[in-house]
Amino acid sequence: MRKLTLTAAALAMGAVPAYAADLPVAPEPVDYVQICDAYGDGYFFIPGTETCLRIRGRVRAEYRWNDFGDAPNNWDRRTLNDTSTRARGYLRMDARTQTEYGLLRAYIDMFATVDTPTFSANSNARPSTVVDRPSNDNNVGSFGSAGGTSLTLDYAFVQFGGLTVGKAKSFYDFWTGYAYGAITTVAYSDDNPWVAGYTADFGNGFSASLAFEDRSFRQQGLYVGSYLYPSTATGAYSQGYGGHRWPNIVGNIRVDQGWGSAQLMGAVQEVRYLSSVASGEVGWAIGAGVELDFSNFLSGTFFALQGGYANGALGYIHSDWGATVFDATDVFPTGVPGESTRNQSGTSEGWSIAGGFYTEWTPEFNSALQLSYAEADNKNFYDFDQFDLNAKVGWTPVSGFEIGTELGYRNISFDNAVSPGGSTLTTPSDNDIITVLIRVQRDF
């Protein structure tokens, strides 16, 4: 009887209808990431939008043997690092959307860097920190703490059709080297200023661009005041630009085709002194370059040649001058005995020529050689010639990963300057700078 009762109860429970809360719940639909192949590899659609996004990065590590050329160099000065290290990480994001007006693009490229600490002079430091040999290192101060990280926003711009606005590659720049160029580099223009520019595409690879760019990224030194010669002259002077007022005007005409690329470029720059005593000037620069693609004859082989001339805008013909460069000077008497009684002002001149060669000997080994010659004719100051060379060899055992080494050589040769009063200024000694680095780099 008991078994019958339990069986009846079980049947009664099984007859109870199942309600919605008791049924399995279907999973919510998921927006899976979709590949976007309209702009090349690595792009995907941001879910729920028509925007394609690509995220990339790079990790770079270097060990450097700093200047061991002519003395005084890094190896005989206690306030400089004989060797140093660098670790740098990059983050790059590229978002693109096709609109009825053309491509809408936003691009960000930033990196963080940790270097071996450098020496900082501090007049309030304890006397025990005085560096006593050689004599020109009699400074007080100390080296910074290890691990300090600097963050750099290299690119941040928006493109809409032919319009580009933000921090981007200068519209003046063309060829910017094949080697690493990490410690010293050759005479090319390589700056990422704030720009507002427009590019007109004429088809068949021909285009023309006009842009306004932030002057502060290009400006070199300015000299105002007494000539400070002879050594008894102690008149006040200033070396620097005044505040930003007018942007630089930059333009180029360019062609990109299967054989390579070529470009003509020019720029105009306001020379505005910090001192109100001096009159303003107008600087300008012109340049031309060509890059040839020989991949049809030797895989992964390129050759580039470019040159430029500048008057009052010497930052356009070399982004890595190794000695003092003045865009302009304004020298006037201050009443110090022995100095010139004549006023003399004007802009400085300079020119440069640079070239490079890159080839991939095998899928795993590549090399690059680049060199340049530049002259800076400083108005009312010493002139100098600068020769630069970079030679690089890289090994790429797998795609996106490279181990490489680079040799850097720089020679600076100075010419005596003659003051407005006819006296000869004492100039620095000619100098050879030699550096070597080893780099490990991974792109992803």
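Using a 4.5 Å cut-off on side-chain heavy atoms (C-beta onward), Q98 and E50 make no contact. Contact of the L292 side chain with the F294 side chain is registered, since non-hydrogen atoms from C-beta on lie closer than 4.5 Å. The closest side-chain heavy-atom distance from Y241 to V271 is below 4.5 Å. With contacts defined as side-chain heavy-atom distances shorter than 4.5 Å, the pair Y90/R56 does not qualify. The side-chain heavy atoms of Q306 and Y188, taken from C-beta on, include a pair separated by under 4.5 Å. Proximity of F206 to Q257: side-chain heavy atoms (C-beta onward) are separated by under 4.5 Å at one or more points. Within the 4.5 Å cutoff, no side-chain heavy atoms of V250 are placed close to those of M265. With contacts defined as side-chain heavy-atom distances shorter than 4.5 Å, the pair L104/R96 does not qualify.
The ring pair (Phe, Tyr, Trp, His ring centres under 6.0 Å) with W351 is formed by just one residue from the set Y373, Y316, Y309; it is Y373. Evaluated for a side chain to side chain donor-acceptor pair (under 3.5 Å) with S84, the options N66, D115, T116 yield exactly one hit, N66. Among D154, D109, D173, T152, the one residue that satisfies the side chain to side chain donor-acceptor pair (under 3.5 Å) test with N192 is D154.
W361 and S367 share a donor-acceptor pair across their side chains, judged by distance under 3.5 Å alone. Using a 3.5 Å distance cut-off with no hydrogens or angles, the side chains of N74 and D82 do not pair a donor with an acceptor. Donor-acceptor pairing under 3.5 Å is recorded for the side chains of D432 and Y409. Using a 3.5 Å distance cut-off with no hydrogens or angles, the side chains of S207 and T199 do not pair a donor with an acceptor. Defined by atom type and a distance below 3.5 Å, a donor-acceptor pair is present between the side-chain atoms of S170 and E213.
Within the 3.5 Å criterion, the main-chain N or O of G102 finds a donor-acceptor partner in the side chain of T99. Of the possible polar contacts, none joining the D293 side chain to the G260 backbone as a donor-acceptor pair under 3.5 Å is found. The closest donor-acceptor contact from the side chain of T362 to the backbone of E364 lies under 3.5 Å. A distance-only check finds no donor-acceptor pair linking the side chain of S352 to the backbone of A374 [under 3.5 Å]. A side-chain donor-acceptor contact under 3.5 Å links N390 to the backbone of T184. Here the side chain of D383 pairs no donor or acceptor atom with the backbone of E375 at under 3.5 angstrom. Listed for the R272 side chain is a donor-acceptor partner under 3.5 Å among the backbone atoms of G243. A donor-acceptor distance shorter than 3.5 angstrom exists from the side chain of R54 to the backbone of D41, with no hydrogens or angles considered. Checked by atom type and distance alone, the side chain of S319 pairs as donor or acceptor with a backbone atom of D190 at under 3.5 Å.
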| Stepwise side-chain hydrogen bond (donor to acceptor under 3.5 Å, both in side chains) test for S413 and D385 | CA-CA 5 Å; S413 178; D385 308 331; 4.8 Å; no
| query | After noting the C-alpha distance and the side-chain angles of F303 and F357, does the key distance pass the ring pair (Phe, Tyr, Trp, His ring centres under 6.0 Å) rule? | reply | CA-CA 5 Å; F303 171 79; F357 175 81; 7.4 Å; no
| request: For side chain to side chain contact (heavy atoms under 4.5 Å, CB included), just list the numbers for L369 and L389, CA-CA rounded to whole Å, side-chain angles, deciding distance to a tenth of an Å, and then say yes or no. | output: CA-CA 8 Å; L369 176 67; L389 180 147; 4.2 Å; yes
| request: Output, in order, the C-alpha distance, side-chain angles, deciding distance and verdict of salt bridge (charged side-chain N to carboxylate O under 4.0 Å, His left out) for D191 and R215. | output: CA-CA 11 Å; D191 279 304; R215 183 204 69 202; over 6 Å; no
| request: Check the pair W321, F384 against ring pair (Phe, Tyr, Trp, His ring centres under 6.0 Å), reporting the backbone distance first and the verdict last. | output: CA-CA 10 Å; W321 288 109; F384 66 93; 5.6 Å; yes
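Here salt bridge (charged side-chain N to carboxylate O under 4.0 Å, His left out) pairs that include residues 197-212, with residues two or more places apart or in two chains, number zero. Each salt bridge (charged side-chain N to carboxylate O under 4.0 Å, His left out) pair with one or both residues in residues 391-414, not counting sequence neighbours, appears once here: D320-R410, D388-R410, K392-E402.
Once rounded to the nearest 0.5 Å, the distance linking OG1 of T405 with CD1 of I403 reads 11.5 Å. Taken to the nearest 0.5 Å, the CG atom of N411 stands 9.0 Å off from the CD1 atom of I433. To the nearest 0.5 angstrom, Y155 atom OH is 14.0 Å from M110 atom CE. Within the model, atoms NZ of K379 and OG of S345 stand 7.5 Å from one another, a figure rounded to the nearest 0.5 Å. Put simply, CD1 on I35 and CZ on F44 are 8.5 Å apart, with the number rounded to the nearest 0.5 Å. The CD atom of Q219 lies 13.5 Å from the CZ atom of F326; values are rounded to the nearest 0.5 Å.
Residue F174 comes nearest to S261 through the heavy atom pair CZ-O, 3.7 Å, listed as atom of the first residue, atom of the second, then distance. When every heavy atom of T149 is checked against every heavy atom of A112, the shortest pair comes out as CG2-CB, 3.9 Å. Considering all non-hydrogen atoms of both residues, I412 and G322 come closest at CD1-O, 3.4 Å. For the pair Q370 and T185, the tightest heavy-atom approach, listed with the atom from each and the gap, is NE2-OG1, 3.8 Å. Closest heavy-atom contact between S295 and F302: OG-CZ, 4.0 Å. Here the shortest heavy-atom pairing between S299 and T359 reads O-OG1, 4.3 Å.
Under 4.0 Å is where a charged nitrogen must lie from a carboxylate oxygen, and between R105 and D94 at least one such pair does.
Between F119 and F143, the two ring planes are perpendicular [angle over 60°; tilted spans 30° to 60°].
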